[in-house]
Every structure is written in structure tokens, then in C-alpha cells.
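Step one of this worksheet: look at the structure below.
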Amino acid sequence: MAEVILMPRLSDTMTEGVIAAWHKNVGDAVKKGDLLAEIETDKATMELESYQEGVLLHIGTTKGGKLQVNDLLAIIGKAGEDVASLIASVGAGSPAAAPATEPAPATATAAPVAASASPALDVAAMDEVVLMPRLSDTMTEGVIAGWQKNVGDTVKKGEVLADIETDKATMELESYKDGILLYQGAKAGEKILVNDLLCVIGAAGTNVDAIVAAVKNGATASAPAATAPAASPAVAPSAPAQATAAAPAVQVVVNEGRIFASPLARKMAEERGIDLKYVKGTGDNGRITKFDIDGYVPAAASVTQAVSAAAPAIQTGPAGVVSFEDQPVSQMRKTIARRLSESLFTAPHFYITMTIDMDAAVAARAKINEVAPVKISFNDMVVKATALSLKQHPKINSSWLGDTIRTNHHVNIGIAVAVDEGLLVPVVRFADTKSLSEIGVTVKGFAQKAKDKKLQPADWEGSTFTISNLGMFGVDEFTAIINPPDACILAVGGIAQVPVVKNGQVVPGNVMKVTLSCDHRVVDGAAGAAFLQTLKSLLEEPLRMLV
């Protein structure tokens, strides 16, 4: 029977997803672990793998289309199977009519593929099997952080099966089928490799032992076939021919025998005619990822590609001619626009600016960095002083929830970080309990992950207060929009040397301006001013932060 795949919720704040790309077309054969589509959420573009085998019979929307969470994404079943009743029951709407006429010619060619593939694996018809999904591009294994369902429990589509800890975050795994949880592939705290057996969901009385044995045997049998794509030999001869004509460089074989690569990397390599034996993997145990394929340049072609790429890199419009370029708004940018518009136009903002004498902080930082294991920045000092100030002024560490005001007893400070697609706010958790060195390591780690586009939902959720620092860009002062549900955000300017009056004398001094944006529904002016006074006192006497 055909299986319905609904749009999954890939982050806590996700309400809809945009299809960035389909990697399977209607009529294509699909295997467990195959990449179905890339889905753009409000935070990142994530890959969706298939949890069952069959033929792709229907897609809910085309590339660029938008679907709400739990809307019909795709249907996978047997070739020629009638899915009209499924589409009607899920409520896919009018777009279903177009694919209905499409499967007939497509499945005619896809059916032999599915038929020839099924003898290689005895688990082709096992809809009960759930394999460990690949929840990030660099993930090779997952740790069971906790099971939300126990063996014998009834499971429905959309219910959370388990919390999976990857190399980047802990994410919830939802069930894509109904039934009873009959088997768990590992206990809480244990590791499972990607595409290994995670669990079995089916009807009562199913022979679980037979399924487990068949899956494990099938997985080992299919591995060699995946490492030798038929397209590779056809492409390989042309590459050396071009290499000898262009330069004497020779490609070096870096992978022999079984080649470890992600499904997406294999797909991309096949499309681009790249032989994986020449690609060096940067993943765990030398596993080849999509980043390795993106960065792969054949040895002989590297010079010619660099020359050819240099010409079109500089493109300007002719003088005196109106010229522009329209770019579609990304899902991340749309979410930033919506949330900040809601914040600015629904939360009554008011702003308090204070000037802080940073002479003592400048001197203290120089002494601290003489003995600190990592280099401490002024931003690290601001984060530490802010965290300690929030403990003394809990009203500033609050959130507006409509009918209630939540006063947070923990201090999780979000640090605004600019990325190409917009703005992310990774969170330094329990910042009041961390030393300056720990804060420095955490913030630098977030900056690197943001640069490498490896920030995950768990990194940016749960802030109770936010800091936005533009001082490193030479900005003297500015105002920031509150990051909901926080009640306040601190805008930090740069440290400038200006004339100041001390003991009746005009002398040079280091000053920094900070501006606190407050939600007047939660914070009053006096409370905001008192918080800034405490922050000022800590930064002007930094030794107090070390007590």
C-alpha cells in the first residue's frame, strides 16, 4: 500500500517549508536512505531522506513551492498504484490533478528498475523498517538521547519516536507511519550509524527477528554495489585525456576499495561526472560529503578553471543604462522580516543610552590576556558583565507571553551574528556561571560555525536576553530591535578615545556607549536604568566580575 509523507517539522519554530530542490521525479524508484528533496526552513536548508522503498507516485508541490507543516509532501508506493483516494483524504488540493496523468508513462520505465533492484535486497517490501536518518550533512552516526516511545507502544504518524543526538544538535525524530513499536535498534545513550536499523514499526505478531536479520544482511550486500556506479567508467577516460592536453598533472587516486560517501555526495558526483576515487573526504573516517564534491577540482583542470572563472566574475552594467538584479527572498530572510516587524510594531520599544568609562577594562583586559588560556575580547567582558547584571535585575531577564510575564531564573544570552543569508542569534547558555575564558571559547566557536554554515536549531533557541555588538565596525552607538520573546536587547558601540574630564582636568579617555532597547509591557524606565547602572559599575571596575 502506498505511503504518505507529510511535510516534517525540522525545527521548533518551523511552520512551513519551501522545496529548494527535488532529487527524485515522479516515476523514479526510491530506496530507503535515498535523498528525496532539500527543504528550506526558516533557519536552514535541510535534506529529507526516504524512510521507505517504492516508486515516487506524487509530489505535493514543485521546486520553489511552499507547504505547511503536515501538508502532503509526497506519496511512495508500487508502480501504477492509484493514489487518488490518498490525495483526497489528506487534502492536497487542486495541484494533485497534474501529477495524476504523469505517472503512467514514467512508471513504465521505472517499474523494471524497481523490479531489478528488489532481488538484491530482501527488505524491499518491509514497510516496517525505520533506518537511522542523516540529519545533517556531516552526520555519520547518531546517539539515542532518549526514546519517547517504548516497545509495545502504539505509534501514529507525526508522533515523536526518539531524540537523536547528532554531531551538531539534538533533534526530534517523528514517525512517518502508524503501527506498534516492535523493536528498538539501540538503547538510550548508544550509537547507531546512519542507515543502520533504528526501529521496527508494524502490526502485532510481526516476525521481528526475521526482519532484523534480513535488514542487516541486505545492508551488507548492497554496500559494494553502491561504490561502483556504472556512470564512472564512462566519464573517467575523458578526464585524463583533457588533463594530458592541458597540463602534465596527473590525478592521484586517494580512495581504494570501498568508498564511504553520503547519498547526496554520490548523487552530485554522478551528475557532475566525478569519480569518487579521486576525491578526498573530510568527514569522519574519510567520508566524502557534499562539501568535498563542491570543492573538488581535477588536478589538470584547476588552472584552466581558475582562468575561465576570472573573466565572468566581474560583470557590471554599461554606463548610463539602468541595470538591476532581483533575487528571491530566502526563507530565513522572510522569517527575520516577519519576526522583527512583529516585534517593532507590537512591542512598545523605548531606549536608554549610557556612556561607560572603559579605561579600567582596557587595562584589565591586557593583564588578563597575559595569563588567559584564550584571548579575551571586550565583547566577552560585556557578555560576562551583562550576565551578572541580569542576575541582580531579573525583570530585564523576562519575556512577554501575552497573558503572563515569565521571569527567567537562568541567564541565556543570545549573541547576534551576521551571516550571508541574514542574522542568527546563537545562545551562550548559563552565561552567569561561565568564566571569561569559557565565554570566549563559546562565542568564537559560534562565529566559526556561523561562517561554515554549521549552526543548528539547538544553537540559537532559548535566549533570555540578546546582545548586538557593532563596535568592531566603528559604530559609535545604535538602537536594536528586540529579539522576541526577550524583553530587552543591548546594542553595544565601539570604544573610542575622546577628551574626558577627570578630577577637574581634561584628559584622554576610553569610552563606550551602550543602548538598551526595552519592551515597555515588561520593563519600566527605572528598571532599565538600574540595570545599566549595574552594568556600568562592573565594566568600570572589572575586578568585581571576578569575585
Check whether any side-chain heavy atom of [X] lies under 4.5 Å from a side-chain heavy atom of [Y], and answer yes or no.
{"X": "Leu36", "Y": "Ile5", "answer": "yes"}
{"X": "Leu56", "Y": "Ile59", "answer": "yes"}
{"X": "Leu6", "Y": "Glu174", "answer": "no"}
{"X": "Asp163", "Y": "Gln148", "answer": "yes"}
{"X": "Lys149", "Y": "Leu161", "answer": "yes"}
{"X": "Glu438", "Y": "Thr433", "answer": "no"}
{"X": "Leu490", "Y": "Leu535", "answer": "yes"}

To the nearest 0.5 Å, tell me how far [X] [atom1] sits from [Y] [atom2].
{"X": "Thr386", "Y": "Ile439", "atom1": "OG1", "atom2": "CD1", "value": "9.0 Å"}
{"X": "Asn483", "Y": "Ile467", "atom1": "CG", "atom2": "CD1", "value": "12.5 Å"}
{"X": "Lys449", "Y": "Lys444", "atom1": "NZ", "atom2": "NZ", "value": "16.0 Å"}
{"X": "Lys24", "Y": "Leu48", "atom1": "NZ", "atom2": "CG", "value": "13.0 Å"}
{"X": "Met7", "Y": "Thr15", "atom1": "CE", "atom2": "OG1", "value": "10.5 Å"}
{"X": "Leu67", "Y": "Leu73", "atom1": "CG", "atom2": "CG", "value": "6.0 Å"}

How close do [X] and [Y] get, heavy atom to heavy atom, and via which atoms?
{"X": "Val383", "Y": "Ile413", "value": "O-CD1, 3.7 Å"}
{"X": "Arg429", "Y": "Lys434", "value": "O-CE, 2.9 Å"}
{"X": "Val523", "Y": "Cys488", "value": "CG2-SG, 3.7 Å"}
{"X": "Ile293", "Y": "Ala269", "value": "CD1-CB, 4.0 Å"}
{"X": "His349", "Y": "Ser517", "value": "CD2-CB, 4.5 Å"}
{"X": "Trp147", "Y": "Leu198", "value": "CH2-O, 3.7 Å"}

- prompt: For Glu81, what residues pass the salt bridge (Lys or Arg N to Asp or Glu O under 4.0 Å) criterion, not counting sequence neighbours?
  reply: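 Not a single residue meets the salt bridge (Lys or Arg N to Asp or Glu O under 4.0 Å) criterion with Glu81.
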query: Mind checking what makes salt bridge (Lys or Arg N to Asp or Glu O under 4.0 Å) contact with Arg521, not counting sequence neighbours?
result: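 Partners of Arg521 under the salt bridge (Lys or Arg N to Asp or Glu O under 4.0 Å) test: Asp519.
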Under the 3.5 angstrom rule, does the side chain of [X] hit a backbone N or O of [Y] as a donor-acceptor pair?
{"X": "Asp524", "Y": "Ala526", "value": "no"}
{"X": "Trp400", "Y": "Pro484", "value": "no"}
{"X": "Ser343", "Y": "Arg339", "value": "no"}
{"X": "Ser341", "Y": "Arg338", "value": "no"}
{"X": "Arg406", "Y": "Leu401", "value": "no"}
{"X": "Lys384", "Y": "Asn379", "value": "no"}

- request: Apply the side chain to side chain donor-acceptor pair (under 3.5 Å) test between Thr464 and each candidate in Asn412, Asn408, Asn397; give the one that qualifies.
  value: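 The residue from Asn412, Asn408, Asn397 that satisfies side chain to side chain donor-acceptor pair (under 3.5 Å) with Thr464 turns out to be Asn397.
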- request: Could you give me the CA-CA distance, side-chain angles and deciding distance for Glu49 and Leu131, then say whether side-chain contact (heavy atoms from CB on, under 4.5 Å) is met?
  value: CA-CA 10 Å; Glu49 294 184 352; Leu131 305 180; over 6 Å; no
- request: Show your reasoning for whether side-chain contact (heavy atoms from CB on, under 4.5 Å) applies to Lys66 and Thr61.
  value: CA-CA 7 Å; Lys66 184 186 301 182; Thr61 185; over 6 Å; no
- request: Could I get the full list of ring-ring contact (aromatic ring centres under 6.0 Å, His included) partners for Phe478, not counting sequence neighbours?
  value: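 With sequence neighbours excluded, Phe478 shows a ring-ring contact (aromatic ring centres under 6.0 Å, His included) to no residue whatsoever.
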message: Between Leu197 and Val129, is the side-chain contact (heavy atoms from CB on, under 4.5 Å) condition met? List the steps.
response: CA-CA 7 Å; Leu197 180 62; Val129 171; 3.7 Å; yes
field: Working for side-chain contact (heavy atoms from CB on, under 4.5 Å), residues Asp196 and Glu141
entry: CA-CA 9 Å; Asp196 275 2; Glu141 62 184 15; over 6 Å; no
task: Kindly assign one of parallel, tilted or perpendicular to the pair Phe531 and His393, based on the angle between their ring planes and the thresholds 30° and 60°.
output: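 Judged by the thresholds at 30° and 60°, the geometry between Phe531 and His393 is perpendicular.
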